[in-house]
Amino acid sequence: MALNPSQQQAVTHPGGPMLVLAGAGAGKTSVLTQRIAHLVSKRGILPSRILVVTFTNKAAKEMKERLAKLLGKEVVKEIWAGTFHSICCRILRQDIAQLGTGHQTNFAIYDPRDQEKAMDFTLRRMNMDPEFYKATDMLSEVSRIKNSEMVGAKHTIQHQDPLMKRVFDGYQNYLSTNNALDFDDLLQLTLRLLHEHPEIAARYQQRFEHVLVDEYQDTNNVQFDFIRQFGAVHRNIFVVGDVDQSIYSFRHANFRIILRFQQDYPDATLIKLEENYRSTGNILDAANTLIKYNRERFEKTLISTKVAGEPLHFHVAQNEDEEATYIVQQIRMQHERDSLEFGDFCILFRTNTQSRLIEQYLIRSNIPYNLVGGYKFYDRKEIKDMMSYLNFLHNPQDSLSLQRIVNVPKRGIGPKAIDIIEKGAYFEGRGLTLWQALQESAIIDQLPPKANEAIQEFRYFTQQLLKEIHPVCNLPVSVIVERIFNDSGYKAEIEAESDEKKREDRIKNIESLIQAAVEYEESSKTPMNLSGFLEQLALFSDTDRLKNEGKLVTLMTVHSAKGLEYPVVFLPGMEEGLFPHARSVIDGEHAVEEERRLMYVAITRAKRRLHLIYTANRRSKYKNMTSKLSRFMLEIAAHLRIPGDLFLKAKEEAFQRRSKTGTGNTPAPIALKMPTAGPPVPTMNTSRPGGSATTITAPRAPLPTPPVRSTGQTLTLQPGDRVHHPQFGDGEVERVIRTLARIKFQTAGMKNIDLASAPLEKTS
DNA sequence: TTGACGTATCTTTTT
DNA sequence: GATACGTCAA
């Protein structure tokens, strides 16, 4: 691909900090890739001295594949590329023992489900009321602490709330006895390693001559610290991002970091890439129009390099069935009429649950599809069981995994027996892991004879396997899985299943896992590496595994679609409360702005055709509800008169359809009100080559919304305070942890409210 | 201890 | 409207 002057400048930048602000479809990834190629081939930088941080592992893999064509496979192998998490994991596997936290190099990585179990356990041991202190609440607070405060330099946190500090320490203690890390720890402990061991920090700082970061707008404070550390010596920090695509604040991403880059690095060079090479003009205009409603952004307008193209397609459906029917019919029709491949279509939704009905319709009409996220292969019971075996064999101190397999297949070791072992493990303040407890006859002798015998047998079996695997693992992962399956009695249990279909399904699942292991062995440099296999499963997301061979319609959330593009995009669920999500409306304007950025990401995934679908009556929970059209649609409509006036047309169609079917007794609630606030809007005409004339109205001044309350003005509440909430009414504060309040509302019941953002008023 | 059956509780987004 | 969880009998 030929580069434009700005792109060229970025690619050949001589050195020092550089910030590339690139809009959607402006060739961000190309610039990054070509820059690396330039560094290696033109400037003679050793590939092993380049570090590339991407947002997904798939992005890293694709970049490497592209680079392999330019530079050769052997060269590319030397480049460090991956997500923050996988890079940190790599560093920790090397040196984690030096931290003195008790972790060993074979540490396990706990996913959110594991985290919840670990937290439940911690709270139970602290005798805290689980009704009052929810594990998920505690975990989100723990995560917030880990992502905001510099825990790195200290062994324990300094926290205002002594109870929270105890919970934090208890949870961390549980993790380290189990030789496990959660996602946040991967980053946090890496930083700590660098802070406490200057010689290790120096090693990496010297080594990485160039540090490149993609999707910089979704970096959080800890990750920023990481980048700063790694680039400290050579200062060749090259970051690429787009403020308007910052959509991960719930993961503590802080887009102010990208806005601040030039303050952090005063000698930084700034390059803006505003030419869009992806979408046709009308699609881009809609995106530009929408995003101008946001206050917190860098002024930037994407310029289309393509024709105006088709107008946006807007469809009104009466209910979800109509919505799904419309999508399926359109795909069928376009597949034939425009000879588009199924792989050219993508259906994006705000929440995972929206996929279910559409899936059913796709299946019914024989359209092959690929669902990202949703029900996962690795969530199936058989797979989870086998994975627990593998996790346990890799790290026997992992009590959660051990607990999951100790009675799978059924061995007669029930909750009661486990309780006895657990009590033994914690007797008189000893903190043994489950596996350690199983080794002590003083503990297992308390069990009834039958359970005792079963434990002995289980212990013998697992010890045999452990001996073969540790310390030198000379068995391929697929063989280990087969061994477990055959010898643990799992196979026998499945074969005893009376339901034939179930039996076959489960065996098929196991076979797929073995297949996945084989694939891993073939692709990996070190085929016998159990650790690497588990790591891949823990850190690789679903998008990472997405294989688009052009034959499947893709279904996913807008979040997962970041960085991807499709000729035709469907965007169902254009309703207030769904998109923007009701939660964000409650949380306040800054949350709605993030939703708007999300919508911006969604629109800009489309290359040539964009379908927006509004469903008037959506079944939500147990009652039907009528939904209002999304404000985002109104914002687009207010300023952008698309040829044929899409809204009016859609409205007419909806009426016709309803009178035909005669089912509608509720009028379609399309409210196409032009905003009344604000000064009159100037209009301008632009003609585009090859496209029809489009009337675009320039955006007026931002809407007169109340300013976002800054963190300094967060409402401070105490238990017993009375409050008023516009949505939930009157309530009483029950508990406050930092900026999170648990409030009992008279009518709405118990809610957890974020004080930093919620429109809450103190009434007493 | 196991399995069957009934009931409460969710659904925002994910490395 | 599924799924995890609790309760009960065998």
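So you know, we letter chains A, B, ... as the sequences are listed, proteins then strands, and number each from 1. The model shown is predicted, which means the values in this text are computed figures rather than measured ones.
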Taking any heavy-atom pair under 4.0 Å as a contact, classify K416(A): base, sugar-phosphate, or nothing.
sugar-phosphate
Flag as yes if F250(A) stacks onto the base of dT14(B) (centroids under 5.5 Å, planes under 30°), otherwise no.
no
Is the distance between the ring centroids of Y248(A) and F250(A) under 6.0 Å?
yes
Positive for side chain to side chain contact (heavy atoms under 4.5 Å, CB included) with Y110(A), one of L181(A), L400(A), D185(A):
L400(A)
CG of D587(A) versus P of dT13(B): gap in Å, rounded?
15 Å
Expressed in angstrom and rounded to an integer, what is the separation of K134(A) atom NZ from dC5(C) atom P?
13 Å
By nearest-nucleotide position on DNA chain B, the 5'-leaning member of I418(A) and S584(A) is I418(A)
Choosing from dT15(B), dG1(C), dT11(B), which nucleotide comes nearest the side chain of H581(A)?
dT11(B)
Check every strand shown and say whether Y248(A) touches a base, only sugar-phosphate, or nothing at a heavy-atom separation below 4.0 Å.
sugar-phosphate
Check whether NZ of the Lys or CZ of the Arg R93(A) lies under 6.0 Å from the centre of the six-membered ring of F107(A) and within 45 degrees of that ring's axis.
yes
Assess the side chains of N147(A) and N220(A): does a donor N or O sit below 3.5 Å from an acceptor N or O?
yes
Checking dT15(B), dT14(B), dT11(B) against the side chain of T353(A) (C-beta onward), the nearest is dT11(B)
Minimum heavy-atom separation for N407(A) and G412(A), please, with both atom names.
OD1-N, 3.2 Å
Any side-chain N or O of T557(A) under 4.0 Å from OP1/OP2 of dT14(B)?
yes
T56(A) side chain N/O closer than 4.0 Å to the phosphate oxygens (OP1, OP2) of dT15(B)?
no
Interatomic distance where CG belongs to L598(A) and P belongs to dT14(B) [whole Å]:
10 Å
Let me know the distance between CG of D218(A) and P of dT13(B), rounded to the nearest Å.
17 Å
Tell me which residues in residues 403-414 of chain A lie within less than 4.0 Å of DNA chain B, going by non-hydrogen atoms.
N407(A), K410(A), G412(A), G414(A)
Given dA2(C), dT1(B), dT14(B), which nucleotide is nearest the side-chain atoms of A417(A)?
dT1(B)
Which pairs pass salt bridge (Lys or Arg N to Asp or Glu O under 4.0 Å) with one or both residues in residues 448-459 of chain A, sequence neighbours excluded?
none
Expressed as a whole number of angstroms, how long is the span from F183(A):CZ to dT14(B):C1'?
8 Å
Return no unless some side-chain N or O of R583(A) is found under 4.0 Å from OP1 or OP2 of dT11(B).
no
Pi-cation contact, Y361(A) with R364(A) (under 6.0 Å, within 45°)
yes
From the set dT14(B), dT15(B), dG1(C), return the single nucleotide nearest to any side-chain atom of R356(A).
dG1(C)
Could you go step by step and tell me if D419(A) and K416(A) meet the salt bridge (charged side-chain N to carboxylate O under 4.0 Å, His left out) rule?
CA-CA 5 Å; D419(A) 198 52; K416(A) 209 150 189 188; over 6 Å; no
Atom CZ of R618(A) to atom P of dG1(C): distance rounded to whole Å?
14 Å
Nearest whole Å is fine: how far is dT13(B) P from Y600(A) OH?
24 Å
Using a cut-off of less than 4.0 Å, is there contact between a side-chain N or O of N220(A) and OP1 or OP2 of dT15(B)?
no
Expressed in angstrom and rounded to an integer, what is the separation of R113(A) atom CZ from dT15(B) atom C1'?
17 Å
